[in-house]
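Atom set for the values below is all heavy atoms of this structure, side chains included, hydrogens, waters and symmetry mates excluded. Below, chains carry the letters A, B, ... as their sequence lines are ordered, and counting in each starts from 1. Keep in mind that what you see is a predicted model, and the values were worked out from it rather than measured.
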2 protein chains.
Amino acid sequence: MRTYTPAEAAERSGFSVDTLRYYEREGILAPVARTAGGRRTYSDSDLSTLDFLRCLRDAGMPIERLRRYGELCRDPNTIAERIALLREHAVAVDNQIDQLRRYRARVDEKIAWYEGSAG
Amino acid sequence: MRTYTPAEAAERSGFSVDTLRYYEREGILAPVARTAGGRRTYSDSDLSTLDFLRCLRDAGMPIERLRRYGELCRDPNTIAERIALLREHAVAVDNQIDQLRRYRARVDEKIAWYEGSAG
DNA sequence: ATTCAACCTGGAGCGCGCTCCAGGTCAAGC
DNA sequence: GCTTGACCTGGAGCGCGCTCCAGGTTGAAT
C-alpha cells in the first residue's frame with residue numbers, strides 16, 4: 001500500500017510525467033491523491049489502472065474513448081458498459097490485425113515480384 | 001492507357017485530391033504528367049503506384065519512409081534497396097500484429113474478469 | 001538556514017499528416 | 001462568348017496526443 005511520486009509513476013507506467021498530468025486533466029485518470037503540500041501520490045491501484053490504460057492506448061484506442069472508459073471506472077454501476085466498450089475495442093483490434101495481415105501479404109507479394117524481376 | 005483527372009485518381013486511390021497534390025509536392029509520388037493547360041493527368045501506372053503506397057501507408061509506414069520508397073522507385077538501379085525497405089517494413093508489421101494480439105488478449109482477460117466479478 | 005531537484009499550474013507549442021483557403025486559370029457545355 | 005466547376009499554386013490552419021515553458025512552491029539533504 002505504498003505510494004509513488006510522479007517520477008516513479010512515470011517510470012512504472014511508461015507514460016511521461018507530463019502525460020500523467022494530462023490524463024488527469026482530461027479526466028481519463030481519476031484525480032490522484034495529494035500530499036499536504038500538493039504533490040501527487042500515485043497508489044498501486046492508480047498504477048494498475050495506468051497499466052491497463054497503456055494497453056488500450058497502445059492498441060489504438062483514441063483519447064476520447066479512453067476518457068469514457070476512465071469515467072465508467074469511477075462509477076461502480078457500469079460494469080456492463082465497460083464490458084461493452086472493451087468488446088467493441090476488441091473487435092476494432094481484430095479488424096486492425098486482419099488488415100495488417102492483408103497489407104503484410106501484399107508487401108510479401110511485392111518483394112517476391114521484385115526478386116523475380118531482378119533477383 | 002487512358003489517363004485520369006485528379007478527381008478520378010482520388011476516387012480510385014482512396015486519397016483525397018489534396019493528398020495527391022501533397023504526395024507529389026513531398027516527392028512521394030513522381031511528378032505527374034500534365035495537359036497543355038497545366039492540369040494533372042494520372043496514368044494507370046500512377047494509380048497502381050498509389051494503390052501500393054496506400055497499402056504501405058495504411059500499414060503504418062510513416063511519410064518519410066514512403067518518400068524514400070518513392071524516390072527509390074524513380075531510380076531503376078535500386079531494386080535491392082526497395083526490397084530491403086519492404087522487408088524492414090514487413091518486420092515492423094509483424095511486430096505490430098504481435099503487439100496487437102497481446103493487447104487483444106489482455107482486453108479479453110479484463111472482460112472475463114469483469115464478467116466473473118459482476119456478471 | 002540554504003540549496004536544489006522535483007514538483008505545481010495554466011497555457012503555449014509541436015510533429016505528423018493531412019486539409020482548407022484565397023485568388024487565379026482552364027475547358028466543357030450552352 | 002459566357003458560365004461554371006474542376007483545376008492550379010503557395011501557404012495557412014487543423015486535430016490529435018502529447019510536450020514544453022514560465023514562474024512559482026515544496027521538501028529532502030547538507
Side-chain angles (χ1 to χ4, degrees), chain A residues 2-43 46-47 50 52-71 89 92 96 99 103, chain B residues 2-43 46-47 50 52-71 89 92 96 99 103:
Chain A
R2 60 163 292 202
T3 62
Y4 305 83
T5 64
E8 285 165 344
E11 189 180 347
R12 283 162 190 258
S13 69
F15 290 114
S16 73
V17 171
D18 271 315
T19 299
L20 292 180
R21 283 196 286 254
Y22 166 71
Y23 277 21
E24 198 178 336
R25 256 201 320 259
E26 292 295 307
I28 293 165
L29 196 59
V32 171
R34 305 290 186 117
T35 64
R39 269 87 196 287
R40 286 178 181 78
T41 54
Y42 294 85
S43 65
D46 287 331
L47 287 193
L50 282 169
F52 190 61
L53 288 175
R54 165 150 284 285
C55 166
L56 293 178
R57 183 83 264 281
D58 288 352
M61 182 178 284
I63 289 296
E64 199 45 50
R65 299 296 286 160
L66 222 53
R67 180 189 352 253
R68 180 81 186 124
Y69 183 71
E71 278 167 5
H89 185 57
Q96 212 189 324
Q99 271 296 309
Y103 294 137
Chain B
R2 60 163 291 203
T3 61
Y4 306 83
T5 65
E8 284 165 344
E11 190 181 345
R12 284 164 189 257
S13 69
F15 291 113
S16 73
V17 171
D18 270 316
T19 299
L20 292 180
R21 282 196 286 254
Y22 167 70
Y23 277 21
E24 198 178 336
R25 253 200 324 257
E26 291 296 308
I28 294 164
L29 195 60
V32 171
R34 305 290 185 117
T35 64
R39 270 89 196 287
R40 286 177 181 78
T41 54
Y42 293 86
S43 65
D46 287 330
L47 286 194
L50 282 170
F52 191 60
L53 288 175
R54 166 150 285 283
C55 166
L56 293 177
R57 184 82 265 279
D58 287 354
M61 182 178 284
I63 288 296
E64 198 46 49
R65 298 297 284 162
L66 222 54
R67 177 185 358 250
R68 180 79 187 126
Y69 183 71
E71 278 167 6
H89 186 57
Q96 212 188 326
Q99 271 296 309
Y103 294 137

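For the pair Gly37(A) and Thr19(A), both in contact range of DNA chain D, the more 5′-proximal nearest nucleotide belongs to Thr19(A). Comparing Asp18(A) and Gly38(A), the nucleotide of DNA chain D nearest to each residue sits closer to the 5' end for Asp18(A). Ranked by how close their nearest DNA chain C nucleotide is to the 5' end, Ser16(B) and Ala7(A) are led by Ala7(A).
Put simply, the residue from Tyr23(A), Tyr22(A), Tyr42(A) that forms a ring-ring contact (aromatic ring centres under 6.0 Å, His included) with Phe15(A) is Tyr23(A). Among Arg65(A), Arg57(A), Arg67(A), Glu64(A), the single residue meeting the side chain to side chain contact (heavy atoms under 4.5 Å, CB included) criterion with Ile28(A) is Arg67(A).
For DNA chain C, the contact window with chain B, defined by any atom under 4.0 Å from a protein heavy atom, covers dG17(C) to dA27(C) in 5' to 3' order.
Of all heavy-atom pairs spanning Tyr103(A) and Cys55(B), the tightest one is CD2-SG, 3.5 Å.
A donor-acceptor pair is defined here as one N or O able to donate and one able to accept, closer than 3.5 Å; such a pair exists between the side chain of Arg54(B) and the backbone of Ser13(B).
The residues Glu71(B) and Arg68(B) are annotated as salt-bridged, a charged nitrogen and a carboxylate oxygen being separated by less than 4.0 angstrom.
In this structure the side chain of Leu50(A) reaches within 4.5 angstrom of the side chain of Leu20(A), judged on heavy atoms.
Taking CE of Met61(A) as the start and CG of Leu53(A) as the end, the distance is 9.0 Å to the nearest 0.5 Å. Here CG of Asp46(A) is found 13.0 Å from CZ of Arg12(A). Values are rounded to the nearest 0.5 Å.
Interface residues of residues 21-29 of chain A facing DNA chain D, ordered by number: Tyr22(A), Tyr23(A), Arg25(A); criterion, heavy-atom separation under 4.0 Å.
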